[in-house]
Amino acid sequence: MTLLDTFARKDKRRKYSHRKALPPLLKKGRRVFTRSIDKRNEPSTSSLAMIPYSNSNEDDQFSSSLENDEKVEIDNDTMEAMKIEFEGLTPHPQSEYNIAMMLKNNNSVTTMYLAAIRKREREGSLTREFDSLSIDNYEKQMNPLKHAMNRLSKQTGSLERMVNTWEELVPILETVLVLPVPTTSPCSPPPSSTPVRSKAMKSWRRYLDKLQLRFPFENWRQVPSPSPPRQLLPTPVPVPVPAPKPPTNEAAINRIDAQIKETEARRQKKQVLMDETLRQVELLRAQQKAAPRPLSEAERRKVQAALNGVGPGYEVLAKGDGGDVVTRDSLQKLQPRTWLNDEVIHYFFMTLAKRDEAAKRKRRCHFFKSFFVTKLLDEGGYNYRNVRRWSKRVPGKDVFELDKIFFPVNLGNMHWCLAAIFMQEKKIQYYDSMGGAGKYYIDSLFEYLKDEMKDKKKIDGHWDDWNLVTCTPETPQQMNGFDCGVFTCMFADYLSQGKELTFTQDDVTPFREKIALSILNGKAVD
């Protein structure tokens, strides 16, 4: 063998080596790899199209046959490829236009259609030759199936009509295609759930598998395995399901309850402290407002001369219109740490009455002497007859037209208290600087009002809405055993002016000087 023969054999092997990997179905013709891209922005699908060539002198004769609107005949393999591609299309339903564009540009459907044409050519049913046809002429003129899909997509209402199943798509395809008619015979085997593929499709699948191994591109699409047609199921009616109750955790609930109670307790404690602070502030303001005014220098010298002056004890330092007098000995009871006697208390109550008279109020206040309660409770028993005529001494001679009535109470010549009747408020209250209740005295005064009503008004009256109040914790308390008379005078002074009882033990010394100056002037000092 010469060197020339060796090169000739190598060139011959190189020329025909690429045919060994092709399937037996497509030995003839030329192999061309094409990648179809949807010009309508549809998802791109890449496939392998095997296109036979034809002679160039036959182009005009075949292209003229594509211009008419006759139906295009397809075989079972092409119809099966259409069915597989339609069932793999998601989501459903799709419009007729989208389905037609998908079938037009689908390489699997086109390949099955061309394989059917080649098969009929070998059988003699088609006498056309495709050896000299170029790819561009094929895309524009030579594929009747694509022209049929174009006509289907251009039908009126193709964008609005929706297709959900293959059974709905078959009548639509019959408008532009001649679908194969399935033939059955008594000897034919029963239909199987798995369709029987033709030799052409099997060869095509084997070739695609080999091609995928050699060129593992993601865009190459294989014909999916057939799946059963989708069936429209009735939409189930939703049944309301009650929400499950969340599991309870007793420990967590108890812990949360404890935290809530603790927070509430802290809030209440904080509120109590805030209220107490506000009360102290208000009390301080009231004390500053209700505290006796400081005495002037002349008034202070006058008081000090009377309290600390030298002279006979029986000397009269103050004398009232009703014959009441205050001697030097009695007035000097206003010195610190000394008990007050009845002369000082009675005369100070007289000065309070003069101040009330000078105010010219519509309803007056009246100040009884301590002898009233002594007479009313003669020897420990209630006796209205002993005080029956005392009401003639009140302003207007009618106790029921008064605003307030004050009764100094002497307990066994050891302690001074005050009982007050608030006629307009229908209340009787007892004031004791040492915390005594005084229920016996307010009950006796209540009986006095009833008897006074019967004696002067000649009626029983209505007494159900009257309120009898014993000594309350808010009553100012003395911190020693000798200032009870001063507290009693201050009770009457503040209540007659409608002031709150805001004084304390620290205010006793200025109060003693105020009482002395009121007695010396014959009128209560504001």
>> For D275 and Q271, which I'm curious about, is there any donor-acceptor pair between the side chains at under 3.5 Å?
In response: yes
> With sequence neighbours excluded, what pairs up with E401 under the side chain to side chain contact (heavy atoms under 4.5 Å, CB included) test?
Replying inline: R363, D398
> Do the side-chain N and O atoms of D493 and Q497 include a donor-acceptor pair separated by under 3.5 angstrom?
Replying inline: yes
> Among all residues two or more places apart in sequence or in another chain, which pass the side chain to side chain contact (heavy atoms under 4.5 Å, CB included) test with V469?
Replying inline: K427, Q429, N467, T472
> With distance as the sole criterion, is a donor-acceptor pair present between the side chains of D483 and Q505 under 3.5 Å?
Replying inline: yes
>> Just to verify, what does K302 make a side chain to side chain donor-acceptor pair (under 3.5 Å) with, not counting sequence neighbours?
In response: N521
>> For S496, give me all partners under side chain to side chain donor-acceptor pair (under 3.5 Å), at least two apart in sequence or on another chain.
In response: R355
> What salt bridge (charged side-chain N to carboxylate O under 4.0 Å, His left out) pairs are there with at least one residue in residues 462-476, not counting sequence neighbours?
Replying inline: K426-D465
When the side chains of residues 409-423 are checked against the rest of the protein, which donor-acceptor pairs come out under 3.5 Å, sequence neighbours left out?
from: N410; atom 1: OD1; to: N413; atom 2: N; distance (Å): 2.7
from: H415; atom 1: NE2; to: D432; atom 2: OD1; distance (Å): 2.6
from: W416; atom 1: NE1; to: L340; atom 2: O; distance (Å): 3.3

>> By the salt bridge (charged side-chain N to carboxylate O under 4.0 Å, His left out) test, which pairs, at least two apart or in different chains, include something from residues 91-104?
In response: E96-R161
>> If the condition is side chain to side chain contact (heavy atoms under 4.5 Å, CB included), which residues does I256 pass it with, not counting sequence neighbours?
In response: I260
>> The criterion is side chain to side chain donor-acceptor pair (under 3.5 Å); which residues satisfy it with S95, sequence neighbours excluded?
In response: N98
>> Angle between ring planes, F487 versus F503, binned at 30° and 60°: parallel, tilted or perpendicular?
In response: tilted
> Have S330 and N341 got a donor and an acceptor in their side chains that come within less than 3.5 Å?
Replying inline: yes
> side chain to side chain contact (heavy atoms under 4.5 Å, CB included) with E452: which residues, sequence neighbours excluded?
Replying inline: Y384, S391, V399, F400, Y448, K456
> Taking only residues two or more places apart in sequence or in another chain, which ones pass side chain to side chain donor-acceptor pair (under 3.5 Å) with S158?
Replying inline: none
> Who are the ring pair (Phe, Tyr, Trp, His ring centres under 6.0 Å) partners of F371, not counting sequence neighbours?
Replying inline: H346
